[in-house]
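Data first, discussion second: the structure below is written as structure tokens.
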Amino acid sequence: MVTPVNPPTPKQAPYIWVTWLAPLIDGANHCHWATWFQANYKFDKSTDEDFFAEWRMKHESLLNQRVEELQQEGYDVYVEDENSFKITGKDKKTVISGKADIVAIRADEVIVEDCKTGRKRSYDHIQVLMYMMLLAAPGGPSHCRGKKIEGRLIYNGEVIDVPSDLLTADFKDAFRNIARMASGTEEPRKTPSARECRYCKVPAGHCSERFEEPSDDGELEEHDLF
């Protein structure tokens, strides 16, 4: 096991990114511990710089294309950092943060769009729904605060609506429950799996239960199951 150079240190208060919550609300991810740890501790994260640079280039290209299209349709367009928000919870400590790709405004119409360059994921619409809810909250950017916001997912060559009707009481309850877990003092149990551990941002040295891929020696164990 690789031991990190710097041990994790507790944050003064829980700090949560919207992107961490979406796959948990959707049920695509099950390891609540990884999100709880990121919310409550500072630690050195390993990143694939080549992958990130390529993703950023593709994302910027799609984003710029979409901005141009919206401006031609007569929208006022706000991009990335202009749409950043930090919403403080009722405990006066926990912060949920995010940065929506695009907010487009035309008269009374307000739309938040999230640009995706990779494959479609089941929880993409969950991320947009959280943007719709949190951008309009106290603490959101001034051009969104208190507004009714509709949503869209932008894939290469495809636009998918995310209507505000999906912001149901059940969805809001699911959001609150996950946010409460991530900001809580009780450490959730780990649920390691090959898929989630492979892409987890928590280094192996901080998680004793991280799933390790078995070595492939080319030999198969015999069985009589099928």
Side-chain angles (χ1 to χ4, degrees), residues 1-49 51-52 55 80-81 83-101 114 121-141 167 170-213:
M1 179 180 294
V2 177
T3 302
V5 175
N6 298 312
T9 58
K11 295 180 180 178
Q12 292 184 345
Y15 193 96
I16 305 165
W17 281 89
V18 161
T19 50
W20 302 347
L21 302 181
L24 294 177
I25 294 175
D26 174 72
N29 285 0
H30 298 93
C31 189
H32 290 190
W33 179 85
T35 295
W36 174 86
F37 189 79
Q38 291 183 83
N40 290 277
Y41 287 87
K42 297 177 182 179
F43 56 91
D44 296 331
K45 298 179 182 179
S46 58
T47 58
D48 186 336
E49 294 298 335
F51 171 82
F52 182 77
W55 170 85
E80 292 194 322
D81 287 340
N83 304 319
S84 64
F85 57 84
K86 294 179 182 179
I87 310 298
T88 304
K90 290 183 178 180
D91 62 3
K92 307 299 182 184
K93 297 185 301 180
T94 301
V95 171
I96 295 183
S97 180
K99 182 170 64 174
D101 284 341
D114 196 39
R121 299 173 299 185
S122 61
Y123 52 85
D124 288 343
H125 73 289
I126 299 291
Q127 183 176 339
V128 174
L129 284 170
M130 284 191 285
Y131 285 151
M132 293 159 63
M133 180 174 62
L134 295 169
L135 284 166
L167 283 173
D170 287 343
F171 173 81
K172 293 177 182 178
D173 284 344
F175 166 78
R176 292 187 190 100
N177 289 337
I178 289 295
R180 191 177 300 117
M181 175 282 301
S183 61
T185 56
E186 183 176 348
E187 181 174 345
R189 83 179 176 91
K190 301 181 179 77
T191 54
S193 67
R195 182 186 63 83
E196 289 191 46
C197 290
R198 183 182 300 118
Y199 300 108
C200 185
K201 293 182 180 179
V202 180
H206 296 327
C207 179
S208 60
E209 297 181 33
R210 190 183 185 95
F211 185 92
E212 298 292 343
E213 292 281 1

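Quick caveat, the model's predicted, so the values are computed rather than measured. Numbers here simply count residues along the sequence, with the first being 1.
Shortest non-hydrogen contact noted between Phe85 and Gly140 is CB-CA, 4.1 Å. Pro188 and His32 get closest at one heavy-atom pair: CB-CB, 4.0 Å. For the residue pair Thr35 and Ala182, the shortest heavy atom distance occurs at CG2-CB, 4.0 Å.
Counted by atom type alone, Asp81 and Ser84 present zero donor-acceptor pairs between their side chains at under 3.5 Å. Between the side chains of Glu187 and Trp33, at least one donor N or O lies within less than 3.5 Å of an accepting N or O.
Listed by chain and residue number, nothing satisfies the side-chain hydrogen bond (donor to acceptor under 3.5 Å, both in side chains) test with Ser183 (two or more places apart in sequence, or in another chain). With sequence neighbours left out, the salt bridge (Lys or Arg N to Asp or Glu O under 4.0 Å) criterion links Lys93 to no other residue. In terms of the ring pair (Phe, Tyr, Trp, His ring centres under 6.0 Å) criterion, residue partners of Phe43 (sequence neighbours excluded) are, by chain and number, Phe37, His206.
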Q: Using the side-chain contact (heavy atoms from CB on, under 4.5 Å) rule, take Lys190 and Cys207 through it: C-alpha gap first, then chi angles, then the decisive distance, then the call.
A: CA-CA 9 Å; Lys190 301 181 179 77; Cys207 179; 3.4 Å; yes
Q. Run the side-chain contact (heavy atoms from CB on, under 4.5 Å) check on Thr9 and Lys42 step by step: do they pass?
A. CA-CA 5 Å; Thr9 58; Lys42 297 177 182 179; 3.6 Å; yes
Compile the donor-acceptor pairs under 3.5 Å between side chains in residues 15-24 and protein atoms, sequence neighbours left out, one pair per line.
residue : atom : partner : partner atom : Å
Tyr15   : OH   : Ser97   : OG           : 3.1

Validation: residues 174-181 side-chain donor-acceptor distances under 3.5 Å, sequence neighbours left out:
residue : atom : partner : partner atom : Å
Arg176  : NH1  : Asp173  : OD1          : 3.0
Asn177  : OD1  : Arg180  : NH1          : 2.9
Asn177  : ND2  : Asp173  : O            : 3.2

Please table the atom pairs, donor to acceptor, closer than 3.5 Å between any side-chain atom in residues 122-136 and protein atoms at least two apart or in another chain.
residue : atom : partner : partner atom : Å
Ser122  : OG   : Asp26   : OD2          : 2.6
Tyr123  : OH   : Arg121  : NH1          : 3.4
Asp124  : OD1  : Arg121  : NE           : 3.1
Asp124  : OD1  : Arg121  : NH2          : 3.4
Asp124  : OD2  : Arg121  : N            : 3.0
Asp124  : OD2  : Tyr155  : OH           : 2.6
His125  : ND1  : Ser122  : O            : 3.1
Gln127  : OE1  : Lys116  : NZ           : 3.1
Gln127  : NE2  : Asp114  : OD2          : 3.4
Gln127  : NE2  : Tyr131  : OH           : 3.0

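No side-chain heavy atom of Arg210 sits less than 4.5 Å from a side-chain heavy atom of Pro192.
How far CG of Asn40 is from CD of Gln12: 13.0 Å, rounded to the nearest 0.5 Å. Remark: Ser193 OG to Asn29 CG distance equals 7.5 Å, nearest 0.5 Å.
Applying the 6.0 Å contact sphere to NZ of Lys11 captures more than 12 heavy atoms from other residues, nucleotides or ligands.
For Gln38 (side chain) and Lys201 (main-chain N/O), no donor-acceptor pair under 3.5 Å exists by modelled atom type.
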